[in-house]
Amino acid sequence: MMRLSDDFFSFVAENRGVDPVVLRLRHHGDRRWWMPLALDHIEGLRKCGRKFVAEDGADFTPRVIARPLAVEQATSARIGMLHDRLAGNSRRVLDMTCGLGIDSRFLARGGRELTTIELNDALADAARFNFADMPNVNVVNADSIRWLAAYDGEPFDLVFIDPARRGDGNKRLYGISDCSPDVLSLLPLLKAKSERVMVKLSPMLDVTQTLRELPGVVRLHIVEERGDCRELLAVIDFTVPPAEPEIVVHDDNTELSLRLSEDAVAGDAYALPHPGMWLCEPGPAAMKSGAFSLLARRFGLSALHRDTHLFVGDKVPEGFPGKCRQIEAVYPLASSTLKAVGKNIGRADVAVRNLPRFTPELLARRLGVKSGGALRVVGCTVADGSKALIVVRKGTL
């Protein structure tokens, strides 16, 4: 395990606010062995922001960051806490993709016996240093697939895998079998060595295709954070018979459980928008689920159009996984009246839904409105096939 002197931490404290590029030029040729690590660590700290600070203020930023790129690839504190919760009462856990060690730290909470494996020497050495305060964590510097194949101990209660989604030339990868390790080819080995597996997948993947390609999934968590879909998290349980997977939508405030078969039989109800109604826009995680008919039925809403994926209701639907805003005005979208409507609106943020040939930028330009202010304008296709401009206040319930 690396041994860092007070000089290292003093240097970091004195220079963490300095541009890393400036620091690298200034200390080019510095022969102190820890200097490259200190420069990488400072660059990593700048990338962290508050990513690893929990809602209660607890800071999970690693004491040493050996590779700044690992910060971008690491789980946030909020999602790490979700992984901890989903690990449940697992006693013996294996993390096959340690990286910066954020997931490992959360998976080791509550005294779980954790083995975490990292192929990269520098990251593994940093992880040993960072986990020195947790005797229940064993850091292994090895190829995790070869290590697991040779492992002959008691089966793990849970294996966590966050496959690398970068290929040659730092190219982004999305397909399950394209990432490393390839979970699909690993399934027989994982079944022999564990009871459950949690696999962190790209948020770009299609839900239906993921469930079709990855057998044995009992739950697929769609995780949203700060307005972006951050990950799909597939839970595979080898101890239960096959059944229709549960899909769980997580946003910053709500958690919604559903099954796609429910959506298939939900049916659709349509309505035209009117002032005083509430316009409900599903968040990215709910959008990713594709269960639009079920959303409408469960929350007592009507769809504006089959392909618009916006809903209206006479009252605020409690627990809706998205944003609900009261409608102030509805205008027909006609080229001859756009400028006049724009003058009436003033400043506003503009969005489009199911509006062919329009982008938010084009619609804003045609309206002659600039972003900002208290209003939001949504251009969309509605139930009777006409195009409408729906004006709402930005305040969200």
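Using a distance-only test at 3.5 Å, with no hydrogens or angles considered, no donor-acceptor pair links the side chain of Arg365 to the main chain of Pro360. The backbone N or O of Glu154 sits less than 3.5 Å from a side-chain atom of Arg92, completing a donor-acceptor pair. Between the Thr97 side chain and the Asp162 main chain, a donor and an acceptor come within less than 3.5 Å of each other. A donor-acceptor pair is defined here as one N or O able to donate and one able to accept, closer than 3.5 Å; such a pair exists between the side chain of Asp251 and the backbone of Thr254. With hydrogens and angles disregarded, a donor-acceptor distance shorter than 3.5 Å links the side chain of His41 to the backbone of Ile65. Checking side-chain atoms of Thr337 against main-chain N and O of Ala334 turns up a donor-acceptor pair under 3.5 Å. Panel note: side chain Asn136, backbone Ala108; a donor-acceptor pair is recorded below 3.5 Å. The main-chain N or O of Gly283 is never found under 3.5 Å from a side-chain atom of Lys288 such that the two would form a donor-acceptor pair. No side-chain donor-acceptor contact under 3.5 Å links Asp157 to the backbone of Asn89. Distance alone, capped at 3.5 Å, is enough to place a donor-acceptor pair between the Ser90 side chain and the Ala87 backbone.
Side chains of Lys387 and Thr381: a donor-acceptor N/O pair is present below 3.5 angstrom, by distance only. Looking at Ser335 and Arg366, their side chains do bring a donor and an acceptor atom within 3.5 Å of each other. A donor-acceptor contact closer than 3.5 angstrom is absent between the side chains of Ser371 and Asp349. Between the side chains of Asn354 and Thr308, at least one donor N or O sits under 3.5 Å from an acceptor N or O. In summary, the side chains of Asp7 and Ser10 do not present any donor paired with an acceptor at a separation below 3.5 Å, with no hydrogens or angles considered.
In this structure Glu231 satisfies the salt bridge (Lys or Arg N to Asp or Glu O under 4.0 Å) test together with Lys200, sequence neighbours excluded. Not counting sequence neighbours, the partners of Arg298 by the salt bridge (Lys or Arg N to Asp or Glu O under 4.0 Å) test are Glu262. In this structure, Tyr331 has no ring-ring contact (aromatic ring centres under 6.0 Å, His included) partners at least two apart in sequence or on a different chain. Every residue meeting the side-chain contact (heavy atoms from CB on, under 4.5 Å) condition with Glu118, not counting sequence neighbours, appears here in chain and number order: Cys98, Asn120, Leu123, Ala124. When the salt bridge (Lys or Arg N to Asp or Glu O under 4.0 Å) test is applied to Asp263, no partner is found at least two apart in sequence or on another chain. Applying the side-chain contact (heavy atoms from CB on, under 4.5 Å) test to Asp40 and every residue at least two apart in sequence or in another chain returns Arg24, Pro68. With sequence neighbours excluded, the residues that form a ring-ring contact (aromatic ring centres under 6.0 Å, His included) with Phe292 are His309. With sequence neighbours excluded, the residues forming a side-chain contact (heavy atoms from CB on, under 4.5 Å) with Ser257 are Glu246, listed by chain and number. With sequence neighbours excluded, no residue forms a salt bridge (Lys or Arg N to Asp or Glu O under 4.0 Å) with Glu213. Judged as a ring-ring contact (aromatic ring centres under 6.0 Å, His included), and not counting sequence neighbours, the contacts of Phe299 are Phe320. Scored by the side-chain contact (heavy atoms from CB on, under 4.5 Å) test, Thr239 finds Glu195, Asp237 as partners (sequence neighbours excluded).
Classification of the His27-Phe11 ring pair by plane angle, with boundaries at 30° and 60°, yields perpendicular.
Ion pair Glu281/Arg325 flagged as a salt bridge, since at least one NZ, NE, NH1 or NH2 atom sits closer than 4.0 Å to an Asp/Glu carboxylate oxygen. A salt bridge is absent between Arg212 and Asp206: the closest approach of a Lys/Arg side-chain nitrogen to an acidic carboxylate oxygen does not fall below 4.0 angstrom. For the pair Arg393 and Glu328, the salt-bridge criterion is met [side-chain N within less than 4.0 Å of a carboxylate O]. For Asp84 and Arg112, the salt-bridge test passes: some basic side-chain N is under 4.0 Å from an acidic carboxylate O. In summary, Arg226 and Asp228 do not engage in a salt bridge, as defined by a charged side-chain N under 4.0 Å from a carboxylate O.
Through chains of ILVMFWY side-chain contacts below 4.5 Å, Phe160 is grouped with Ile79, Leu82, Leu86, Val93, Leu107, Leu114, Phe131, Met134, Val137, Val139, Leu158, Met198, Val218, Val223, Leu233, Val235, Val240.
Exactly one of Val330, Val391, Leu310 qualifies for a side-chain contact (heavy atoms from CB on, under 4.5 Å) with Leu279. That residue is Leu310. Considering Arg67, Lys47, Lys51 as possible partners of Glu72, the one that fulfils the salt bridge (Lys or Arg N to Asp or Glu O under 4.0 Å) test is Lys47.
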Evaluation steps, side chain to side chain donor-acceptor pair (under 3.5 Å), between Ser177 and Asp182: CA-CA 5 Å; Ser177 60; Asp182 173 8; 5.2 Å; no

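Considering all non-hydrogen atoms of both residues, Arg347 and Leu375 come closest at O-CB, 4.1 Å.
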